[in-house]
Amino acid sequence: MTIIVMGYLRTAEGLVDKIVPALSAMMAATNAEEGCEHYSFSRHIDDPDMIIISERWASPEALAAHGASAHMKAFNQALAGVRLEGLSVKAWTGDHWRTLIGD
């Protein structure tokens, strides 16, 4: 069962550049994970302080392993050092959306 994950994070004005190294490291590590079919971050074209999150996972187990990974913990620590003004991540399982983080 493929799982689609979509979301966003918004930093306080002008702080996105501070997390770019963490975003890059997270993408590289996650795309190497077993069961990861796609994982990327992109900047919103109209909001330079917003990062769009896009993921595709082969199974619920692969997504759960990602959530427990060392690079996820390191990424969360990096985000803790930057004021976030919004964060939402949702997973589509094929029949409903499930909130993973945020609203």
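No hydrogens, no waters, no symmetry mates; every other heavy atom, side chains included, goes into these values. Given the structure is predicted, the values throughout are model-derived calculations rather than measurements.
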Problem - Side-chain (Asp49) to main-chain (Arg10) donor-acceptor, under 3.5 angstrom - result: no
If hydrophobic clusters are built from ILVMFWY residues whose side chains come within less than 4.5 Å, do [X] and [Y] share one?
X: Met6; Y: Trp92; answer: yes
X: Leu23; Y: Ile101; answer: yes
X: Ile53; Y: Leu15; answer: yes

Please tabulate, one pair per line, all N/O donor-acceptor pairs under 3.5 Å involving side-chain atoms of residues 64-73, not counting sequence neighbours.
{"from": "His66", "atom 1": "ND1", "to": "Glu33", "atom 2": "OE2", "distance (Å)": "2.7"}
{"from": "Ser69", "atom 1": "OG", "to": "His66", "atom 2": "O", "distance (Å)": "2.8"}
{"from": "Ser69", "atom 1": "OG", "to": "His71", "atom 2": "NE2", "distance (Å)": "3.3"}
{"from": "Ser69", "atom 1": "OG", "to": "Met72", "atom 2": "N", "distance (Å)": "3.1"}
{"from": "His71", "atom 1": "NE2", "to": "Glu33", "atom 2": "OE2", "distance (Å)": "2.7"}

Quick check for you: to the nearest 0.5 Å, what is the distance between [X] atom [atom1] and [Y] atom [atom2]?
X: Met1; Y: Ile3; atom1: CE; atom2: CD1; answer: 6.0 Å
X: Glu55; Y: Thr30; atom1: CD; atom2: OG1; answer: 7.5 Å
X: Asp47; Y: Glu13; atom1: CG; atom2: CD; answer: 9.5 Å
X: Phe75; Y: Met26; atom1: CZ; atom2: CE; answer: 5.5 Å

Handout entry: Residue pairs passing the salt bridge (charged side-chain N to carboxylate O under 4.0 Å, His left out) test where at least one lies in residues 56-69, sequence neighbours excluded
Key = Glu37-Arg56
Exercise for the section: With side-chain contact (heavy atoms from CB on, under 4.5 Å) as the test, would you mind laying out the steps for Ile52 and Arg43 before giving the verdict? Expected result: CA-CA 6 Å; Ile52 304 301; Arg43 252 189 172 147; over 6 Å; no
Practice task
Would you please test Leu9 and Ile19 for side-chain contact (heavy atoms from CB on, under 4.5 Å) and show each step?
Solution key: CA-CA 11 Å; Leu9 65 88; Ile19 62 170; 3.8 Å; yes
Practice task
Walk me through it: do Trp57 and Ile4 pass the test side-chain contact (heavy atoms from CB on, under 4.5 Å)?
Solution key: CA-CA 7 Å; Trp57 296 92; Ile4 304 297; over 6 Å; no
Practice task
Would you please indicate if the ring centroids of Tyr8 and Phe41 are separated by under 6.0 Å?
Solution key: no
Could you give the side-chain donor-acceptor pairs of residues 77-88 under 3.5 Å, partners two or more places apart or in another chain?
{"from": "Arg83", "atom 1": "NH2", "to": "Glu85", "atom 2": "OE2", "distance (Å)": "2.9"}
{"from": "Ser88", "atom 1": "OG", "to": "Asp103", "atom 2": "O", "distance (Å)": "3.1"}
{"from": "Ser88", "atom 1": "OG", "to": "Asp103", "atom 2": "OD1", "distance (Å)": "3.0"}

Practice task
Could you tell me which non-hydrogen atom of Leu100 sits nearest to which non-hydrogen atom of Ala91, and how far apart they are?
Solution key: CD1-CB, 3.9 Å
